[in-house]
There are 2 protein chains.
Amino acid sequence: MAVSARRGAPLTPEEIHSTALRLVEEGGVEALSMRKLAAVLDVNPMSLYHHVANKTALISQICQTMAGRLALPDNPGSPWQERLRDLAHAYRRMVQRYPSLWAYIHTHPEAVGDHQGGIWDVLFPILADAGVPEEERTTTADVLHGFVAGLVVTERQGHIGRDDPAQADRVYETAIDMIIRGLPHP
Amino acid sequence: MAVSARRGAPLTPEEIHSTALRLVEEGGVEALSMRKLAAVLDVNPMSLYHHVANKTALISQICQTMAGRLALPDNPGSPWQERLRDLAHAYRRMVQRYPSLWAYIHTHPEAVGDHQGGIWDVLFPILADAGVPEEERTTTADVLHGFVAGLVVTERQGHIGRDDPAQADRVYETAIDMIIRGLPHP
DNA sequence: GCGATAGCCATACGGTGTATGGCTACGTCC
DNA sequence: GGACGTAGCCATACACCGTATGGCTATCGC
């Protein structure tokens with residue numbers, strides 16, 4: 001009802017989210033403004049507020065849109081070391097695709113919520129197979145996540161392997177080795 | 001010359017930096033605005049621009065002010081494991097004191113510059129004593145820094161040990177153990 | 001037909017960083 | 001002592017931001 005005069009079809013949350021995500025991909029989180037987003041969507045800025053509560057809710061939603069695009073490896077049967085490595089690689093690919101947004105998540109963990117979503121569902125069984133006692137798995141997962149997220153954000157925004165991507169790959173591999181070696185397993 | 005009508009003395013960079021740092025301590029980086037800072041200093045906003053180039057330069061400077069306050073442990077003679085642990089603790093204390101600013105540095109590494117400053121001067125000899133070959137020390141240091149920074153930022157802004165600080169301490173200790181165990185040393 | 005309502009939009013408010021240019025008081029030189 | 005440069009400060013203005021408020025219109029169920 002009452003479709004925009006300039007557009008043919010009404011706005012949809014999906015359209016808003018994917019367009020916002022595109023803006024963030026192109027210019028970082030700080031390049032996302034409600035006004036710019038509205039301009040791209042050819043709509044009045046205030047129209048957006050009929051579909052999203054406010055800007056932080058929008059960012060939260062596109063974070064989850066992004067997390068939903070995470071292609072999680074699923075190779076039960078492989079040894080846990082290999083599955084952990086695959087998961088770490090998937091995580092890194094995701095960060096490399098949306099570096100700015102991932103840095104945002106890293107410093108605004110409330111944007112994605114607590115331990116729900118794909119990563120944790122994959123990580124916990126891996127830790128179980130690695131012999132981490134159940135009562136330690138949550139904190140172990142937090143430590144690993146902190147390690148990996150910190151490393152990848154540093155790599156992406158910092159200077160690790162700035163001029164030699166292969167070097168960055170090697171560093172990342174070494175880091176995963178460190179983690180596997182350091183995990184408390186029998 | 002031409003001192004402010006409202007204030008007795010002219011502005012100094014030190015005054016600006018420490019006041020800005022105080023604002024950041026109290027309300028996070030996003031609570032720092034040139035106008036608020038000017039109001040606290042009882043000065044016109046534009047007067048600040050005679051002492052700092054712009055806001056990002058100001059943040060950069062207060063990052064270095066903060067880094068200068070890092071009390072670095074200096075205990076040569078101790079085994080490298082202990083010195084690494086002490087350094088990690090010093091780092092964590094610093095993050096806990098300025099969590100918001102440190103999160104900013106973590107995602108804006110250009111604010112502090114490349115590998116200069118106290119931490120690296122302490123870390124490199126430790127890695128040397130740990131047997132890390134010279135050509136690997138820079139990247140190893142980057143990995144360790146990424147690990148620790150990520151973990152501490154996660155801990156501080158996330159939920160590790162939210163209701164039990166002692167638990168957070170234990171997690172951190174375990175994480176350091178993991179790092180020490182994982183370091184390539186003979 | 002009619003009221004409810006979903007969707008959209010115009011306007012406005014208070015906030016931001018900072019470009020521009022003008023004022024004043026001091027230091028330095030003739 | 002007078003002229004001048006300039007350091008420090010400030011008023012104004014611009015373009016942007018997020019969003020509260022309230023009104024318009026087209027569609028739906030009745």
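In the text below, chain A, chain B and the rest are named by the order of the sequence lines, each starting its count at 1.
- The environment of CD in A/Glu134 is sparse: at most 12 heavy-atom neighbours from other residues, nucleotides or ligands sit within 6.0 Å.
- When the side-chain hydrogen bond (donor to acceptor under 3.5 Å, both in side chains) test is applied to A/His108, no partner is found at least two apart in sequence or on another chain.
- Shown here are the side-chain contact (heavy atoms from CB on, under 4.5 Å) partners of B/Glu82, two or more places apart in sequence or in another chain: B/Ser78, B/Pro79, B/Asp86.
- For C/dA6, neither phosphate oxygen OP1 nor OP2 lies less than 4.0 angstrom from any side-chain nitrogen or oxygen of A/His51.
- For C/dG7, neither phosphate oxygen OP1 nor OP2 lies less than 4.0 angstrom from any side-chain nitrogen or oxygen of A/Ser47.
- One can place CD of B/Glu30 at 12 Å from P of C/dG17, the figure rounded to the nearest angstrom.
- Listed for the B/Lys36 side chain is no donor-acceptor partner under 3.5 Å among the backbone atoms of B/Leu23.
- Between the side chain of B/Thr65 and the main chain of B/Gln61, a donor-acceptor pair closer than 3.5 Å is present.
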Check nucleotides 15-18 of chain D for protein N or O atoms closer than 3.5 Å to its own N or O atoms and list the pairs.
unit_1	atom_1	unit_2	atom_2	d
D/dC17	OP1	A/Ser33	OG	2.8
D/dG18	OP1	A/Met34	N	3.3
D/dG18	OP1	A/Lys55	NZ	2.9
D/dG18	OP2	A/Met34	N	2.9
D/dG18	N7	A/Arg35	NH1	2.2
D/dG18	O6	A/Arg35	NH1	3.0
D/dG18	O6	A/Arg35	NH2	3.3

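- For B/Met46, counting side-chain heavy atoms from C-beta on, the closest listed nucleotide (D/dA11, D/dT21, C/dC8) is D/dA11.
- Here the P atom of nucleotide D/dT19 and the NE2 atom of A/His50 are 14 Å apart, to the nearest Å.
- For the pair B/Arg92 and B/Asp169, the salt-bridge criterion is met [side-chain N within less than 4.0 Å of a carboxylate O].
- Distance, A/Asn44 CG to D/dT19 P: 14 Å, rounded to whole Å.
- Rounded to an integer number of Å, the gap from CG of B/Leu37 to P of C/dT18 is 12 Å.
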